[in-house]
Novice: 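I have a structure here, written as structure tokens, and I will follow up with some questions on it.
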Amino acid sequence: MREIIEALADEPNLRFSMISNGMLLTPELVDWLNTRKVGCCISWDGPRTRETRGVDVLGDPERRNLVLGLNGLSLSGVISAYNYPLESVDALAPLDAEYSARHGESLFLNFDEIMDTGLADRSLLDVDCGRVRREMEIIAAETEKLLTGREYDPWRAHMGQGYLQRLKRGVEGRTGFARGICACGNGYSVLNVDLRGNLYRCHNTDTVVGSIHDGFSAYLDSVVLHDPTRNNSERCAECPAVGLCNGGCPLIGWDVRDAYYCELKRAVFLPFIELALSMAG
């Protein structure tokens with residue numbers, strides 16, 4: 001990875017990022033990632049991370065200190081039956097305060113909703129969507145307090161602001177929500193490459209769609225062939241959460257969407273869409 005990044009250091013319009021559980025971080029590696037401006041996202045599924053991932057880098061003081069040394073640190077957690085929104089948000093509040101003191105900026109926390117692409121542990125899918133919705137409403141309420149000049153919880157409000165900004169980016173300048181390609185950019189503006197030069201439609205799948213030796217147009221033809229977003233858009237267009245969901249993950253079929261995925265997406269997103277509508281009058 002270092003060889004590739006250093007070889008392409010002077011190429012314009014390229015940036016590199018990685019997601020990791022953080023267990024292999026060393027002081028030297030943290031310095032290198034910061035120097036090369038490689039974005040680093042740490043996977044952390046709340047206080048029960050050790051149960052879901054087997055390791056918890058934030059639970060070890062030495063490794064936690066290394067994580068806090070990363071510039072532009074982001075954390076990514078999966079909402080599941082083992083991790084509800086406020087569990088993660090409130091557990092990270094002290095970490096955010098410490099990170100802000102060191103770097104002068106806040107952490108970035110991203111939530112993904114649990115995706116069933118053949119999970120071995122089915123208990124992760126037993127999510128209480130009502131609880132998720134109530135907890136996201138609490139976060140949205142703190143954001144409303146911030147926007148209306150009342151006393152608010154800074155870290156919860158910061159989280160909620162992220163959803164409002166994401167909604168703004170999603171709807172600005174658009175006349176509808178029909179999409180031709182996936183909103184995440186995977187396969188298009190985001191290239192997922194392994195160390196053998198294979199290209200994948202997403203980092204969450206082993207479907208190879210080409211290699212770095214292919215012509216770009218031939219590669220894109222293969223990516224589009226594997227992307228069902230255009231067809232999904234026909235069903236998603238009338239969903240009230242589409243402004244933030246943007247059709248969801250193209251890896252998820254309609255059997256899973258009907259079973260729980262769409263309900264969970266609405267539980268996460270609707271509190272912020274309703275907040276935006278109420279603020280707009």
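All values below come from the heavy atoms of this structure, side chains included, with hydrogens, waters and symmetry mates left out. As the structure is a computational prediction, the values presented were derived from the model and not from experiment.
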Novice: Atom CZ of residue position Phe16 - does it have more than 12 heavy atoms of other residues, nucleotides or ligands inside 6.0 Å?
Specialist: yes
Novice: For Asn198, is there any backbone N or O sitting under 3.5 Å from a side-chain donor or acceptor partner on His213?
Specialist: no
Novice: For the atom pair NZ (Lys145) and CD (Glu151), what is the distance rounded to the nearest 0.5 Å?
Specialist: 8.0 Å
Novice: Would you please test Glu142 and Arg150 for salt bridge (Lys or Arg N to Asp or Glu O under 4.0 Å) and show each step?
Specialist: CA-CA 9 Å; Glu142 293 301 320; Arg150 291 176 285 160; over 6 Å; no
Novice: What are the two closest non-hydrogen atoms of Leu58 and Val67, and how far apart are they?
Specialist: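 Heavy atoms only, the tightest pair is CD2-CG1, 4.1 Å.
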Novice: Does a salt bridge link Arg156 with Asp90, judged by any charged N lying under 4.0 Å from a carboxylate O?
Specialist: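 Salt bridge: yes.
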Novice: Can you tell if the side chain of Val132 reaches within under 4.5 Å of the side chain of Pro85, non-hydrogen atoms only?
Specialist: yes
Novice: For salt bridge (Lys or Arg N to Asp or Glu O under 4.0 Å), just list the numbers for Glu263 and Arg266, CA-CA rounded to whole Å, side-chain angles, deciding distance to a tenth of an Å, and then say yes or no.
Specialist: CA-CA 5 Å; Glu263 182 185 3; Arg266 286 190 286 268; over 6 Å; no
Novice: Determine the minimum heavy-atom distance between Ser76 and Asp112, stating which atoms define it.
Specialist: OG-OD2, 3.6 Å
Novice: Show your working on side-chain contact (heavy atoms from CB on, under 4.5 Å) between Glu6 and Arg36 and close with a plain yes or no.
Specialist: CA-CA 8 Å; Glu6 290 176 359; Arg36 287 298 184 188; 3.6 Å; yes
Novice: Considering non-hydrogen atoms only, spot the tightest contact between Thr143 and Ala157 and give its length.
Specialist: OG1-O, 3.5 Å
Novice: Please check this pair: side chain of Asn71 against backbone of Thr35, looking for a donor-acceptor N/O pair closer than 3.5 Å.
Specialist: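 Side chain of Asn71 to backbone of Thr35: no pair is present.
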Novice: Testing Asn83, Ile79, Leu119, Thr52 for side chain to side chain contact (heavy atoms under 4.5 Å, CB included) with Ile114, which one passes?
Specialist: Leu119
Novice: Nearest 0.5 Å, please: how far is OG1 in Thr117 from CG in Leu251?
Specialist: 7.0 Å
Novice: Kindly compute the distance separating CE (Met115) from OG (Ser80), expressed to the nearest 0.5 Å.
Specialist: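 One gets 12.5 Å once the value is rounded to the nearest 0.5 Å.
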Novice: Measuring from atom CG of Leu25 to atom CG of Leu70, what distance do you get when rounded to the nearest 0.5 angstrom?
Specialist: 5.5 Å
Novice: Does any part of the side chain of Ser211, heavy atoms only, come nearer than 4.5 Å to the side chain of Leu199, both counted from C-beta?
Specialist: no
Novice: Between Trp155 and Val89, is there a donor-acceptor pair closer than 3.5 Å when you use the side chain of the first and the backbone of the second?
Specialist: yes
Novice: Does any part of the side chain of Tyr163, heavy atoms only, come nearer than 4.5 Å to the side chain of Pro271, both counted from C-beta?
Specialist: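 No - every pair of side-chain heavy atoms lies 4.5 Å or more apart.
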Novice: Is there a donor in the side chain of Asp45 and an acceptor in the side chain of Ser88, or the other way round, less than 3.5 Å apart?
Specialist: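 Side-chain D/A pair, Asp45 to Ser88: absent.
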Novice: Counting N and O atoms only, with roles assigned by atom type, does the side chain of Glu87 sit under 3.5 Å from a partner on the main chain of Tyr84, one being a donor and the other an acceptor?
Specialist: yes
Novice: So Asp56 and Arg63, salt bridge (Lys or Arg N to Asp or Glu O under 4.0 Å) or not? Walk me through it.
Specialist: CA-CA 9 Å; Asp56 180 1; Arg63 295 187 185 280; over 6 Å; no
Novice: So, taking the atom named CD1 in Ile19 and the one named OG in Ser74, what distance separates them when rounded to the nearest 0.5 Å?
Specialist: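 Going from CD1 on Ile19 over to OG on Ser74, the span is 7.5 Å.
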Novice: For a quick check under 3.5 Å, do Ser43 and Asn21 share a side-chain donor-acceptor pair by atom type?
Specialist: no
Novice: So which of Met1, Met18, Arg2 actually passes side chain to side chain contact (heavy atoms under 4.5 Å, CB included) with Val38?
Specialist: Met18
Novice: Consider only side-chain heavy atoms of I, L, V, M, F, W and Y, link residues closer than 4.5 Å, and tell whether Leu195 and Val208 are in one cluster.
Specialist: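 Leu195 and Val208: separate clusters.
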Novice: Please examine the side chains of Leu277 and Leu275, heavy atoms only from C-beta on, and report whether any two atoms are closer than 4.5 Å.
Specialist: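 Leu275 vs Leu277: side chains apart.
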Novice: Do Ile138 and Leu147 belong to the same hydrophobic cluster, where Ile, Leu, Val, Met, Phe, Trp and Tyr are linked whenever their side-chain heavy atoms lie under 4.5 Å apart, directly or via other members?
Specialist: yes
Novice: For a quick check under 3.5 Å, do Tyr82 and Thr49 share a side-chain donor-acceptor pair by atom type?
Specialist: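 No, no side-chain donor-acceptor contact under 3.5 Å.
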Novice: In the single-linkage hydrophobic clustering (I, L, V, M, F, W, Y; side-chain heavy atoms under 4.5 Å), do Leu8 and Ile212 co-cluster?
Specialist: no
Novice: Any side-chain heavy-atom pair from Glu274 and Phe269 closer than 4.5 angstrom?
Specialist: no
Novice: With the 4.5 Å side-chain cut-off for hydrophobic clustering, are Phe108 and Leu244 part of the same group?
Specialist: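 Not linked; separate clusters.
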Novice: Please tell me whether Tyr260 and Asp126 have a donor and an acceptor in their side chains that are separated by less than 3.5 angstrom.
Specialist: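 Not at all, the side chains of Tyr260 and Asp126 share no donor-acceptor pair under 3.5 Å.
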Novice: State plainly whether one hydrophobic cluster holds both Leu124 and Val55, where clusters connect Ile, Leu, Val, Met, Phe, Trp and Tyr through side-chain heavy atoms under 4.5 angstrom apart.
Specialist: yes
Novice: Before giving the answer on salt bridge (Lys or Arg N to Asp or Glu O under 4.0 Å), spell out for Arg134 and Glu137 the whole-Å C-alpha distance, their side-chain angles and the decisive distance to 0.1 Å.
Specialist: CA-CA 5 Å; Arg134 290 190 296 272; Glu137 286 173 344; over 6 Å; no
Novice: Quick one, Met279 with Leu164, criterion side-chain contact (heavy atoms from CB on, under 4.5 Å). Give me CA distance, side-chain angles, the key distance, then yes/no.
Specialist: CA-CA 11 Å; Met279 295 294 293; Leu164 292 183; over 6 Å; no
Novice: We want to know whether Asp194 and Tyr200 form a side-chain donor-acceptor pair, criterion being a heavy-atom distance below 3.5 angstrom.
Specialist: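 Per modelled atom types, Asp194 and Tyr200 side chains form a pair under 3.5 Å.
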Novice: Write down the atom of Gly247, the atom of Cys236, and the distance for their closest heavy-atom approach.
Specialist: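 Shortest heavy-atom contact: CA-SG, 3.8 Å.
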Novice: Around atom CG of Asp258, are there more than 12 heavy atoms of other residues, nucleotides or ligands at under 6.0 Å?
Specialist: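 Yes - once you tally the heavy atoms of other residues, nucleotides and ligands closer than 6.0 Å, there are more than 12.
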Novice: Answer whether the closest heavy-atom distance between the side chains of Leu73 and Glu105 falls below 4.5 Å.
Specialist: no
Novice: With a sphere of 6.0 Å drawn around CZ of Arg53, does it hold more than 12 non-hydrogen atoms of other residues, nucleotides or ligands?
Specialist: yes
Novice: Looking at Leu33 and Cys40, what are the two nearest heavy atoms and their distance?
Specialist: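 Where Leu33 meets Cys40 most closely, the heavy atoms are CD1-SG, 4.5 Å.
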Novice: Spell out, as yes or no, whether a donor-acceptor pair under 3.5 Å connects the side chain of Glu113 to the backbone of Leu264.
Specialist: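 No, because the side chain of Glu113 does not come within donor-acceptor range (under 3.5 Å) of the backbone of Leu264.
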Novice: Within the distance-only criterion (no hydrogens, no angle test), does the side chain of Thr205 pair as donor or acceptor with the backbone N or O of Arg201 below 3.5 angstrom?
Specialist: no
Novice: Would you say Val78 and Phe111 make side-chain contact, with heavy atoms under 4.5 Å?
Specialist: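 The answer is no; the side chains never approach within 4.5 Å.
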Novice: Enter the distance from Asn110:CG to Met159:CE here, rounded to the nearest 0.5 Å.
Specialist: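 CE of Met159 is found 8.0 Å from CG of Asn110.
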Novice: For side-chain contact (heavy atoms from CB on, under 4.5 Å), just list the numbers for Arg64 and Leu68, CA-CA rounded to whole Å, side-chain angles, deciding distance to a tenth of an Å, and then say yes or no.
Specialist: CA-CA 6 Å; Arg64 179 175 176 273; Leu68 288 174; 4.2 Å; yes
Novice: For residues Asn192 and Asn186, determine if any side-chain heavy atom of one lies less than 4.5 Å from a side-chain heavy atom of the other.
Specialist: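 Contact flag for Asn192/Asn186 side chains = yes.
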Novice: Would you please test Tyr99 and Leu95 for side-chain contact (heavy atoms from CB on, under 4.5 Å) and show each step?
Specialist: CA-CA 6 Å; Tyr99 189 81; Leu95 193 76; 5.6 Å; no
Novice: Please find the pair of heavy atoms, one from Cys129 and one from Ala267, that lie closest to each other, and give the distance.
Specialist: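 Nearest pair, atom of Cys129 first, then Ala267: O-CB, 3.5 Å.
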Novice: Do Asn246 and Arg166 meet the criterion of a side-chain donor-acceptor pair at a distance under 3.5 Å?
Specialist: no
